[in-house]
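This report concerns only the one structure given below.
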Number of protein chains: 2
Amino acid sequence: MKANGAMTIGEAAARTGVPPKTIRFYEEIGLIAPAERLENRYRSYDEADIRTLRFIHRARGLGFSLKDIAALLALYRDRKRASREVKRLALARVAELDRKIAEMTAIRNTIADLAARCHGNNRPDCPILDELEAAAP
Amino acid sequence: MKANGAMTIGEAAARTGVPPKTIRFYEEIGLIAPAERLENRYRSYDEADIRTLRFIHRARGLGFSLKDIAALLALYRDRKRASREVKRLALARVAELDRKIAEMTAIRNTIADLAARCHGNNRPDCPILDELEAAAP
DNA sequence: CCTTGACCTTCCAGCGGCGGGAAGCCCCAT
DNA sequence: ATGGGGCTTCCCGCCGCTGGAAGGTCAAGG
């Protein structure tokens, strides 16, 4: 084992939760810098790379788009960043989520209402299909 | 104008809200039957087609997948259908929405919390980035 | 008659964010 | 020496469209 913490893509994947394929993909689209290569052309990752991958993994877990994450990563690396911009991105994401949640809730209630009025038996009559069939708005 | 209600793809699009490209796409993937053709090879739609397209449009508006819609359409056309199956699909969709809403709400609250603790000023310190940077779980 | 421009047709490409799988190295244990 | 696991590249497919290019067709207007 080497003195420094260099590791292969598989180990990096295991330590970050980001699958090897996804790591390569992130490299390909320029989200992360091209990895160092060993003599056998294997990619090699160090602790800084691990931190970056974990950062991305967590941000993805919060549903940020890769585009947003690119911006967040730039801010993360910028020691002189203003937290204003980070907060702006976060609040935009909250607003987006609020919109989607409201929309999905409305749809959910519509379908639940229809389903409640559907007997759900062997007979063909069904308010759900009736509603979908209804004339144009 | 013809005595029957035959119309072109553009008119069908205007009357259903489904864009021409999407109608062709639905035909291509077999969601709807291949349209009749005029002598000039233009697709021709009648009132039954319009009903089908509207049905699809509404179901999409409720977030059903095209796969689900294929099933719903089959049920819609089956005079002897049991409403049970329709209800099952609807309730499955409600459950799916409930899961997604819960997930998105949790994420929303996490981000909102972090944002609330971020000054959002010119200084670099920011709990949002700190959290994303944090060590593995 | 000719042109314009709005339709229509086909096909091909791409979005986001990967995942599957092929074909081929590389390295280690047996 | 052989087997197996990992690594490399590549390209395809998923969902549900959407945009664009290149061409046919039609009605109206000059």
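The sequence lines fix the lettering, A, B, ..., with proteins before strands; numbering per chain opens at 1.
Looking at residues two or more places apart in sequence or on another chain, you find a side chain to side chain contact (heavy atoms under 4.5 Å, CB included) between B:Pro124 and A:Arg81. Residues satisfying the side chain to side chain contact (heavy atoms under 4.5 Å, CB included) test with B:Lys21, not counting sequence neighbours, are B:Arg24. A:Glu47 pairs by the side chain to side chain contact (heavy atoms under 4.5 Å, CB included) definition with A:Met7, A:Arg15, A:Ile50, A:Arg51, not counting sequence neighbours.
A side-chain donor-acceptor contact under 3.5 Å links A:Arg60 to the backbone of A:Phe64. Side chain of B:Asp49 to backbone of B:Asp46: a donor-acceptor contact under 3.5 angstrom is found. The backbone N or O of A:Gly63 lies less than 3.5 Å from a partner atom in the side chain of A:Arg93, making a donor-acceptor pair.
D:dC7 atom P lies 14 Å from atom CD of A:Glu27, rounded to whole Å. Taking atom CE on A:Met7 and atom P on D:dG6, their separation rounds to 17 Å, with Å as the unit. When rounded to the nearest whole Å, the span between OH of A:Tyr45 and C1' of D:dG6 equals 14 Å. Remark: P of D:dG16 and CG of B:Leu53 are 16 Å apart, rounded to the nearest angstrom. Counting to the nearest Å, the P atom of D:dG6 and the CD atom of A:Glu11 are 11 Å from each other. As a whole-Å value, the separation of B:Ile29 CD1 from D:dC15 P is 9 Å. As rounded to whole Å, 12 Å separates atom P of C:dC11 from atom CZ of B:Arg24. In this structure, B:Ile23 places its CD1 atom 14 Å from P of C:dC7, rounding to the nearest Å.
Distances shown here put every side-chain N or O of A:Arg41 at or beyond 4.0 Å from the OP1 or OP2 atom of D:dC7. For C:dT10, one of the phosphate oxygens OP1 or OP2 lies less than 4.0 angstrom from a side-chain nitrogen or oxygen of B:Arg43.
A 4.5 Å side-chain heavy-atom check between A:Lys87 and B:His119 finds every atom pair outside the cut-off. In this structure the side chain of A:Glu131 never reaches within 4.5 angstrom of the side chain of B:Leu62, judged on heavy atoms.
Nearest heavy-atom pair, B:Leu53 versus B:Val18, reported as atom, atom and distance to 0.1 Å: O-CG2, 3.8 Å.
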**Q.** A:Asp125 vs B:Ser83, side-chain hydrogen bond (donor to acceptor under 3.5 Å, both in side chains): CA-CA, chis, key distance, verdict
**A.** CA-CA 6 Å; A:Asp125 49 300; B:Ser83 60; 5.8 Å; no

Q: Check the pair B:Lys100, B:Glu103 against salt bridge (Lys or Arg N to Asp or Glu O under 4.0 Å), reporting the backbone distance first and the verdict last.
A: CA-CA 5 Å; B:Lys100 285 189 185 169; B:Glu103 185 187 342; over 6 Å; no

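Rounded to 10 degrees, the angle separating the terminal axes of the helix from C:dC1-D:dG30 to C:dT30-D:dA1 is 30°, with each axis obtained from five end pairs.
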Under 3.5 Å, which protein N or O atoms sit close to an N or O of nucleotides 21-26 of chain C? Give each pair with its distance.
from, atom 1, to, atom 2, distance (Å)
C:dG21, O6, A:Lys21, NZ, 2.1

Review item, nucleotides 14-17 of chain C N/O atoms under 3.5 Å of protein N/O:
from, atom 1, to, atom 2, distance (Å)
C:dG17, OP2, A:Leu66, N, 3.3

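Residue A:Ile9 is classed as a sugar-phosphate contact, given heavy-atom separations below 4.0 Å to backbone atoms only.
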